[in-house]
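Please read the structure below before turning to the comments.
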Amino acid sequence: QVQLKESGGGLVQAGGSLRLSCVASGNIVSIYAMGWYRQASGKERELVASMIVDGTTDYADSVKGRFTISIDSAKNTVNLQMNDLEPADTADYYCNLVDAVGSSYDWTVDYWGEGTLVTVSS
């Protein structure tokens, strides 16, 4: 029903920057939230940044001040600007979309991208 296409991952040196982008397509009913999660080798998946439809954002403490999430609602796109990258940021990054398929956000469905690898070298 909904597909997420991610781009922007790659290899950078510590202190460098990357910009991740995720474009949603398909039969979207109503976007409740979009965000980014990451999972490093041997670690659990964690929230990196998310944005709700009202503009409220949530960031992992480890990325506050360095990462910025933004949404272009007209293009169904979420971006993650990552600055001052650290080796600890190395992980697979996954785009997430929460689609409100019921009335008044009473029922939602989550969609996920395939993941894009970010590697930060020391």
Measure across Leu4 and Cys22 and return the closest heavy-atom pair with its distance rounded to 0.1 Å. CB-SG, 3.7 Å

Exam field: side chain Gln39 to backbone Glu44, donor-acceptor pair closer than 3.5 Å: no

Quick one: salt bridge (charged side-chain N to carboxylate O under 4.0 Å, His left out) partners of Lys64, sequence neighbours excluded? Asp61

Can you find a pair of side-chain heavy atoms, one from Leu20 and one from Val118, that are under 4.5 Å apart? yes

With sequence neighbours left out, which residue pairs that include part of residues 21-33 fulfil the side chain to side chain donor-acceptor pair (under 3.5 Å) condition? Ser21-Asn79

Between Thr119 and Val12, is the side-chain contact (heavy atoms from CB on, under 4.5 Å) condition met? List the steps. CA-CA 6 Å; Thr119 302; Val12 297; over 6 Å; no

Let me check something: do Leu117 and Val78 share a hydrophobic cluster, defined by ILVMFWY side-chain heavy atoms less than 4.5 Å apart, either directly or through other members? no

Testing the basics here: between Asn76 and Met34, what is the closest heavy-atom pair and its distance to 0.1 Å? O-CE, 4.1 Å

Indicate yes or no for a side-chain donor-acceptor contact from Asp99 to the backbone of Val29 under 3.5 Å, with no hydrogens or angles considered. yes

Identify the two heavy atoms, one from Cys95 and one from Glu6, that lie closest to each other, and give their separation to 0.1 Å. N-OE2, 2.5 Å

Test: salt bridge (charged side-chain N to carboxylate O under 4.0 Å, His left out). Region: residues 73-94. Which pairs qualify, not counting sequence neighbours? Arg38-Asp89, Arg66-Glu86, Arg66-Asp89

Walk me through whether Asn83 and Ser17 qualify under side chain to side chain donor-acceptor pair (under 3.5 Å). CA-CA 4 Å; Asn83 297 327; Ser17 298; 2.9 Å; yes

Given side-chain contact (heavy atoms from CB on, under 4.5 Å), test Asp110 with Asn96 step by step and report yes or no. CA-CA 7 Å; Asp110 279 46; Asn96 168 247; 3.3 Å; yes

Pair Trp36 + Phe67: ring centers closer than 6.0 Å: no

Using the rule that two of Ile, Leu, Val, Met, Phe, Trp, Tyr join whenever any of their side-chain heavy atoms come within less than 4.5 Å, decide whether Val2 and Val101 are in one cluster. yes

How long is the span from the CD atom in Gln81 to the CD1 atom in Ile69, to the nearest 0.5 Å? 12.5 Å

Tyr37 side chain to Ala49 backbone, donor-acceptor under 3.5 Å: no

Assigning hydrophobic clusters by single linkage (Ile, Leu, Val, Met, Phe, Trp, Tyr; side-chain heavy-atom cutoff under 4.5 Å), is Ile71 placed with Val109? yes

Less than 3.5 Å apart, any donor N or O on the side chain of Gln1 or Tyr111 sitting next to an acceptor on the other? yes

Is Trp112 atom CH2 crowded by more than 12 heavy atoms from other residues, nucleotides or ligands, each under 6.0 Å away? yes

Tell me whether the count of non-hydrogen atoms from other residues, nucleotides or ligands lying under 6.0 Å of CD in Glu46 goes above 12. yes

In terms of hydrophobic clusters joined by side-chain contacts under 4.5 Å, are Ile31 and Tyr94 together? no

Ignoring hydrogens, what is the shortest heavy-atom contact between Gln13 and Ser122? Give both atom names and the distance. OE1-O, 3.8 Å

Hydrophobic clustering (ILVMFWY, side-chain heavy atoms < 4.5 Å, transitive) - are Leu47 and Ile52 grouped together? no

Looking only at atom types and distance, does a side-chain atom of Thr116 sit under 3.5 Å from a main-chain N or O of Ser7, one as donor and one as acceptor? no

